[in-house]
Structures are given as structure tokens and as C-alpha cells.
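Everything below concerns the one structure shown next.
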Amino acid sequence: MLKGKIAIVTGGTRGIGYAIVEKYLENHATVILCGSRQETADKAVAQLKAKNPDWPVEGIAPDLGDYAAVKAAFDGVLERYGRIDILVNNAGMSSAEPLSAYTPELFRKVMALNVDAAFYCIRAVYDAMAAQGSGCILNTSSMVSRHGQPSGVAYPTSKFAVNGMTLSLARELGPKGIRVNAVAPGVTNTDMMKAVPDSVIQPLIQSIPLRRIGEPEDLANAFLFLASDAASYITGEIIHVGGQARS
Ligand code: NAD
């Protein structure tokens with residue numbers, strides 16, 4: 001479904017991002033995965049190459065908090081591959097502190113990765129996609145962007161911002177041939193969920209109509225569809241993948 005496409009995936013070393021990278025490779029894209037450290041990026045690449053040594057994948061680790069570093073790294077991708085077709089902004093962090101314990105520093109940290117870095121990555125690929133006259137930008141939102149959550153204020157705030165960025169840029173960049181969509185995962189089985197005790201997970205599962213939490217591959221399938229030509233007339237959508245209907 002992605003033959004000949006060049007894709008950058010941030011947060012591609014584990015969890016949902018890793019599943020997206022694997023799914024894109026299985027569908028014949030060339031993938032540049034971004035990790036927070038070169039060591040973890042290299043480890044993820046080695047793991048993928050162990051599965052299929054022919055997969056065209058490389059790992060980079062620009063500091064996503066530094067626009068100049070992101071721009072330099074993505075310009076390097078352009079030099080090596082000649083184009084960038086797909087950008088997946090998947091790197092993200094959460095924190096569950098109640099407001100009474102929430103510091104301005106923590107608020108800024110969450111916003112910096114979940115919102116500022118997504119903007120930096122989009123800004124860094126924009127000129128190339130505009131010059132190509134085509135491109136696909138996919139952001140990772142969250143189910144908490146529907147209703148908020150009862151603690152950890154920066155996380156839902158950041159994901160509402162991701163939705164806003166998605167809807168606005170879909171309008172602005174559509175005429176340039178660039179589609180902008182988001183996938184909003186429900187509770188998904190990754191490291192981010194490991195801290196949540198089973199006593200919380202089990203009642204949660206009972207509240208999900210499909211009676212299970214998501215697996216990274218459930219999300220990767222949505223990211224595959226939206227990146228593919230099968231979604232060529234879809235932009236400005238936030239697709240919820242969480243085993244339940246919109247309420
Ligand atoms: P994860 O913790 O398993 O992976 C997070 C990824 O982000 C990792 O690859 C990590 O290297 C990268 N990352 C973290 N901090 C970084 C930094 N400072 N610089 C660069 N990269 C950094 O999490 P996940 O569950 O796979 O989450 C992926 C995305 O899905 C996130 O945007 C998250 O908000 C979203 N999401 C997850 C769930 C869930 O239940 N797991 C639910 C809704 C939304």
C-alpha cells in the first residue's frame with residue numbers, strides 16, 4: 001500500500017510508533033524512524049532487520065525540542081532519499097499528576113513534546129512536501145481529546161492542541177496537495193500503560209464495547225490506511241481507534 005513512499009516516524013522505537021514502522025515496512029515504504037537517543041533508534045533498526053534484513057529502514061535521533069536539529073536531520077533525509085511523502089508525529093509523553101502537584105516545568109515538558117515538537121516536524125517537512133505538491137501528515141492524538149481526563153492536565157490539553165493543529169493545517173495545506181489527519185488511540189497496550197494497575201484496567205475493559213484494550217497493531221492499521229492512496233480524499237479527520245463509539 002505504500003510502495004515507493006518515504007516515511008518519517010517519530011517515537012518509532014517502541015509501542016505504537018514501532019508498530020507503525022513495521023506496518024509501513026511490510027507495505028514497502030522506506031522508513032526513517034526517530035528515537036529520543038541514537039542508541040535506542042539503532043536497537044529498533046536492528047530488531048527490524050533481524051526480522052527482515054532487506055527492509056529499508058534507518059534510525060535517527062534529533063532532539064525534537066530543538067527546531068534547528070529537527071530541520072537539519074530532516075534535510076539530511078531529503079538529501080539521501082530525494083523526497084518525504086509521509087510524516088508521522090507519534091512521539092509523546094503523558095503524566096498523571098493532579099493539579100495540586102503539577103509544576104509549570106512539567107506542563108511545559110509535556111506541551112513541548114506533544115505539541116511544539118509536532119509543529120517543528122511539520123514545519124521541517126513542509127517546504128519539501130509543498131514543492132512535491134503532495135504529502136501526508138499524521139498526528140497522534142488521544143481519546144482524552146474528547147472529554148479531558150480527571151488528572152494530568154497537560155496531556156489532554158496537548159492532545160486538544162494536536163486536534164486543532166490537524167484541523168487547521170488540513171485546511172491550510174489541502175490546496176498544496178498535503179493531507180493532514182490524526183489517529184486518536186484509546187487505551188493501548190504499550191509502555192505508557194504499564195504503570196496503570198490491573199485494578200484500573202479491568203473495569204476499563206468492561207466499559208469498552210469491544211471488551212479489550214487496543215494493541216499497537218490496531219493503531220498501525222489506521223496509520224497505514226490514512227497514509228495510503230486509499231485515503232487520498234480524506235483530510236482533517238481525527239480517527240478514534242479505541243474499541244468504542246463516539247459519545
Ligand atoms: P511509548 O511510551 O511506548 O512510546 C513513546 C515514544 O515516544 C517512544 O518511541 C519514545 O522514544 C518517544 N519519546 C518519548 N519522549 C521523547 C522525547 N523527549 N524525544 C523524542 N522521542 C520521545 O508510548 P505509546 O503508547 O506508544 O505512545 C505513542 C503515542 O500514542 C503518544 O503520542 C501517546 O500520547 C499516544 N497515545 C497512547 C495511548 C496508550 O494508551 N498507549 C493512548 C492514547 C494516545
Side-chain angles (χ1 to χ4, degrees), residues 8-23 31-45 47-48 57 59-67 69-70 73-74 87-96 105-106 108-121 124 137-149 152 154-163 165-166 182-197 200-201 204-205 208 212-223 238-244:
I8 296 176
V9 180
T10 71
T13 57
R14 60 173 199 254
I16 294 168
Y18 185 87
I20 296 168
V21 171
E22 196 169 12
K23 187 66 71 179
V31 183
I32 298 90
L33 67 83
C34 302
S36 48
R37 288 181 295 125
Q38 190 61 49
E39 191 191 340
T40 51
D42 291 344
K43 202 171 147 200
V45 168
Q47 214 172 309
L48 291 157
V57 55
I60 59 175
D63 176 359
L64 298 185
D66 176 352
Y67 177 66
V70 173
F74 290 6
L87 166 68
V88 179
N89 283 311
N90 165 78
M93 65 170 292
S94 177
S95 71
E105 292 73 23
L106 181 56
R108 183 86 291 279
K109 194 175 168 190
V110 174
M111 296 298 284
L113 181 62
N114 295 4
V115 184
D116 301 16
F119 163 73
Y120 293 166
C121 292
I137 295 168
L138 296 173
N139 296 320
T140 309
S141 181
S142 166
M143 65 180 190
V144 303
S145 73
R146 273 182 183 159
H147 305 300
Q149 65 183 23
Y155 186 67
T157 303
S158 72
K159 295 301 186 179
F160 274 86
V162 166
N163 291 359
M165 190 154 39
T166 303
V183 175
V187 181
T188 308
N189 187 16
T190 68
D191 285 358
M192 204 175 252
M193 289 311 299
K194 287 217 169 96
V196 183
V200 173
I201 297 281
L204 203 74
I205 288 174
I208 298 172
R212 65 175 177 88
I213 64 169
E215 291 300 325
E217 193 180 4
D218 295 317
L219 277 304
N221 285 329
F223 279 96
I238 292 142
I239 310 249
H240 286 261
V241 179
Q244 54 192 315

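Keep in mind that what you see is a predicted model, and the values were worked out from it rather than measured. Whatever order the structure lists ligands and atoms in, that order sets their numbers, starting from 1.
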Under 4.0 angstrom from ligand 1, any heavy atom of G186? yes
Which one holds for S141 and ligand 1: side chain close, backbone close, both close, or neither close, with close meaning a heavy atom under 4.0 Å? backbone
With the threshold set at 4.0 Å, does a side-chain nitrogen-carboxylate oxygen contact exist between D116 and R108? yes
One residue to check: D191. Relative to ligand 1, which of side chain, backbone, both or neither has a non-hydrogen atom less than 4.0 Å away? both
Is the closest side-chain heavy-atom distance between M193 and I201 below 4.5 Å? yes
For atom 24 (P) of ligand 1, the option (of T190, V162, V241) bearing the nearest heavy atom: T190
Q149, CD atom: more than 12 neighbouring heavy atoms under 6.0 Å: yes
Do me a favour and list the nearest non-hydrogen protein atom to atom 26 (O) of ligand 1 with residue, atom name and distance? I16 N, 2.9 Å
How far is atom 17 (C) of ligand 1 from its nearest protein heavy atom, and which residue and atom name does that atom have? L113 CD1, 3.7 Å
Between L64 and ligand 1, find which residue part has any heavy-atom pair under 4.0 Å and reply side chain, backbone, both or neither. side chain
Quick one: do I20 and L219 satisfy side chain to side chain contact (heavy atoms under 4.5 Å, CB included)? Show the steps, please. CA-CA 8 Å; I20 296 168; L219 277 304; 5.8 Å; no
Which ligand 1 atoms, with their elements, are less than 4.0 angstrom from a heavy-atom of V187? 40 (O)
Enumerate the atoms of ligand 1 whose separation from the nearest heavy atom of N90 is less than 4.0 angstrom. 28 (C), 29 (C), 31 (C), 32 (O)
Option nearest atom 9 (O) of ligand 1 (shortest heavy-atom distance, choices V88, T13, T140): T13
For ligand 1, which part of M93 has a heavy atom less than 4.0 Å away: the side chain, the backbone, both, or neither? neither
Charged N to carboxylate O below 4.0 Å: is that the case for D63 and R37? no
Hey, is ligand 1 close enough to K159 that some N/O pair sits below 3.5 Å? yes
Using a 4.0 Å heavy-atom threshold (strictly under), name the region of Y155 that reaches ligand 1: side chain, backbone, both or neither. side chain
Is it true that T10 and N90 share a donor-acceptor pair across their side chains at a distance under 3.5 Å? no
Checking N221, N189, T190 against E215 for side chain to side chain donor-acceptor pair (under 3.5 Å), the one that qualifies is N189
With side chain to side chain contact (heavy atoms under 4.5 Å, CB included) as the criterion, how do I60 and I32 come out once you've worked through the C-alpha distance, each side chain's angles and the decisive distance to 0.1 Å? CA-CA 7 Å; I60 59 175; I32 298 90; 3.6 Å; yes
Enumerate the atoms of ligand 1 whose separation from the nearest heavy atom of G15 is less than 4.0 angstrom. 3 (O), 26 (O)
Quick one, N139 with V183, criterion side chain to side chain contact (heavy atoms under 4.5 Å, CB included). Give me CA distance, side-chain angles, the key distance, then yes/no. CA-CA 6 Å; N139 296 320; V183 175; over 6 Å; no
Distance to 0.1 Å, residue and atom name: give those for the protein heavy atom nearest to atom 40 (O) of ligand 1. T188 N, 2.9 Å
When distances are taken from atom 12 (C) of ligand 1, the protein heavy atom at minimum range is G11 CA, 3.7 Å
Heavy-atom contact check, 4.0 Å cutoff: does M143 meet ligand 1? no
For E39, look at atom CD and say whether over 12 heavy atoms of other residues, nucleotides or ligands are found less than 6.0 Å away. no
Closest protein heavy atom to atom 13 (N) of ligand 1, given as residue, atom name and distance to 0.1 Å: A91 CB, 4.2 Å
For atom 3 (O) of ligand 1, what's the nearest protein heavy-atom neighbour? Residue, atom name and distance, please. R14 NE, 3.2 Å
Under a 4.5 Å cut-off applied to non-hydrogen side-chain atoms, are Y120 and L64 in contact? no
